[in-house]
Amino acid sequence: MITRRIPDFNLGQIARSGQCFRFDPAEDGAYTLTARGRQLTLGQDGDTVWFDCGEEEFSSVWRPYFDLDTDYGAFKRAVSKQDKYLQAAIAAGGGIRILRQELWETIVCFIISQQNHIARIKKCVENLCLLLGEPCYNKHGERYFCFPKPEALALCEPSDLACCRLGYRAKYLTQSARQVVSGEVDLQRIAALPYEEARQELMRLTGVGVKVAECICLYALHHIDAFPVDTHIRAMLDKHYPKGFPMKRYRGFAGVMQQYGFYYELGV
DNA sequence: AGCCAGGACGGAA
DNA sequence: TTCCGTCATGGC
């Protein structure tokens with residue numbers, strides 16, 4: 001068991017922030033997270049966070065996953081005092097962090113996310129893991145399912161995924177999986193590219209447009225200057241930034257502000 | 001009971 | 001280029 005005092009960290013906010021769809025509520029406000037081929041239970045009491053794992057796993061996996069070496073207070077202090085909207089967003093969701101999720105998993109999840117509700121996205125992802133994910137066992141001997149590898153999806157026809165209720169997105173997944181397995185799209189290479197080039201390469205995948213590509217850049221590749229505009233952010237921009245969002249002020253980390261805004265717009 | 005969701009695609013103009 | 005109809009599904 002690892003415990004750390006972590007400022008600007010709120011587990012509930014992170015779990016609800018819509019970046020990762022594999023947080024499940026556990027006992028006493030704790031969460032079980034399935035990610036990076038593992039399953040972790042973690043919880044929080046005030047600014048003290050506990051991780052049910054050893055020191056080595058914490059340092060090599062979860063510290064980078066939750067971006068714990070970054071000072072989010074600095075991001076928040078960069079927000080203009082006159083910007084009442086972002087100040088309120090930070091007051092509501094200042095414990096959010098930009099995660100470092102696996103690339104392939106993020107591609108699949110955000111292809112599923114298009115024209116879909118978060119609650120149903122979670123269900124679709126869960127269905128997919130049950131159908132095609134490898135069964136694993138956590139440290140308590142409980143079975144769970146890892147995220148399906150591209151090879152498993154590439155072997156499927158869209159009709160094979162019918163039980164996952166993905167709708168028209170099923171064909172996007174099988175097609176993208178084949179592009180990855182064939183090497184037509186090289187994820188290893190994309191992971192090493194700068195933001196603009198990574199975004200462009202990701203958009204070669206079937207079912208990945210500008211918005212989804214930017215989500216992947218932000219939530220997997222940690223290009224925190226990516227600024228995905230979905231319906232919620234569109235509403236935020238129209239209502240509160242009719243003259244345009246102050247991108248220059250937040251150059252280099254606008255994606256963090258996007259995430260505060262998104263969470264605030266969700267109204268949770 | 002509809003509305004709409006973290007949009008993308010293909011074809012038309 | 002931009003614009004528009006279409007695509008599945010079910011939570012709310």
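The figures here come from the full heavy-atom set of this structure, side chains too, leaving out hydrogens, waters and symmetry mates. Lettering follows sequence order; numbering is per chain, from 1.
- Atom CD1 of Ile118(A) and atom C1' of dC4(B) are 14 Å apart (whole Å).
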Collect all protein-nucleotide pairs involving nucleotides 3-8 of chain C in which both atoms are nitrogen or oxygen and the distance is under 3.5 Å.
| from | atom 1 | to | atom 2 | distance (Å) |
| --- | --- | --- | --- | --- |
| dA8(C) | O4' | Tyr168(A) | N | 3.1 |

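- In this structure, Ile121(A) atom CD1 and dC12(C) atom P are separated by 12 Å, rounded to whole Å.
- Among the heavy atoms of the strands lying under 4.0 Å from Ser17(A) is at least one base atom, whether or not backbone atoms are also near.
- Among residues at least two apart or in separate chains, ring pair (Phe, Tyr, Trp, His ring centres under 6.0 Å) pairs with a member in residues 191-219 of chain A are Phe110(A)-Tyr219(A), Tyr195(A)-His223(A).
- Rounded to whole Å, atom P of dG10(C) lies 9 Å from atom NZ of Lys123(A).
- Defined by atom type and a distance below 3.5 Å, a donor-acceptor pair is present between the side-chain atoms of Gln39(A) and Thr34(A).
- The side chain of Ser113(A) contributes no N or O atom lying less than 4.0 Å from OP1 or OP2 of dA5(B).
- Legend: residues meeting ring pair (Phe, Tyr, Trp, His ring centres under 6.0 Å) with Trp62(A), ordered by chain and number and at least two apart, are Tyr65(A).
- For the segment residues 202-221 of chain A, the set of residues with a heavy atom within less than 4.0 Å of an atom of DNA chain B comprises Leu205(A), Thr206(A), Gly207(A), Val208(A), Gly209(A), Val210(A), Lys211(A), Val212(A), Tyr219(A), in numerical order.
- If you check every strand for non-hydrogen atoms under 4.0 Å, Gln19(A) touches a base.
- Between the P atom of dA5(B) and the CE atom of Met236(A) lies a distance of 16 Å, rounded to the nearest Å.
- Atoms CD (Glu126(A)) and C1' (dG10(C)) sit 15 Å apart, rounded to a whole Å.
- Qualifying ring pair (Phe, Tyr, Trp, His ring centres under 6.0 Å) partners for Phe147(A), counting only residues two or more places apart in sequence or in other chains: none.
- Look at the C1' atom in both dA1(B) and dT9(C): the space between them is 16 Å, to the nearest Å.
- dA8(C) sits 15 Å from dG11(B) when the P atoms are compared, rounded to a whole Å.
- Other members of the cluster containing Trp50(A) are Met1(A), with ILVMFWY side chains joined at under 4.5 Å, either directly or via other members.
- The ring pair (Phe, Tyr, Trp, His ring centres under 6.0 Å) check on Tyr72(A) picks up Phe75(A), with sequence neighbours excluded.
- Between the OH atom of Tyr264(A) and the P atom of dG6(B) there is a distance of 18 Å, given to the nearest Å.
- Between Tyr85(A) and Tyr241(A), the angle of the ring planes goes over 60°, which puts this pair in the perpendicular group of the 30/60° scheme.
- Distance noted for atom C1' between dC4(B) and dT6(C): 15 Å (whole Å).
- Remark: Thr32(A) OG1 to Glu27(A) CD distance equals 9.0 Å, nearest 0.5 Å.
- The base of dG10(C) sits within donor-acceptor range of the side chain of His117(A), with an N or O pair under 3.5 Å.
- Within the structure, ring pair (Phe, Tyr, Trp, His ring centres under 6.0 Å) pairs that include any residue of residues 114-142 of chain A do not occur (at least two apart or interchain).
- Separating the P atom of dA8(B) from that of dG11(C) is a span of 23 Å, rounded to the nearest Å.
- Atom CD1 in Ile112(A) sits roughly 14 Å away from atom P in dT9(C) (whole-Å rounding).
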What pairs of nitrogen or oxygen atoms, one from the protein and one from nucleotides 10-13 of chain B, lie under 3.5 Å apart?
none

Please table the atom pairs, donor to acceptor, closer than 3.5 Å between any side-chain atom in residues 224-232 of chain A and protein atoms at least two apart or in another chain.
| from | atom 1 | to | atom 2 | distance (Å) |
| --- | --- | --- | --- | --- |
| Asp230(A) | OD1 | His232(A) | N | 2.8 |
| Asp230(A) | OD1 | Ile233(A) | N | 2.7 |

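- By the side chain to side chain contact (heavy atoms under 4.5 Å, CB included) test, Arg204(A) is found to be paired with Glu184(A), Val185(A), Glu201(A), residues two or more places apart in sequence or in another chain being considered.
- Listed by first then second residue, pairs satisfying salt bridge (charged side-chain N to carboxylate O under 4.0 Å, His left out) with a partner in residues 169-181 of chain A read Glu157(A)-Arg178(A), not counting sequence neighbours.
- Distance Leu99(A) CG to dG6(B) C1': 15 Å, rounded to the nearest Å.
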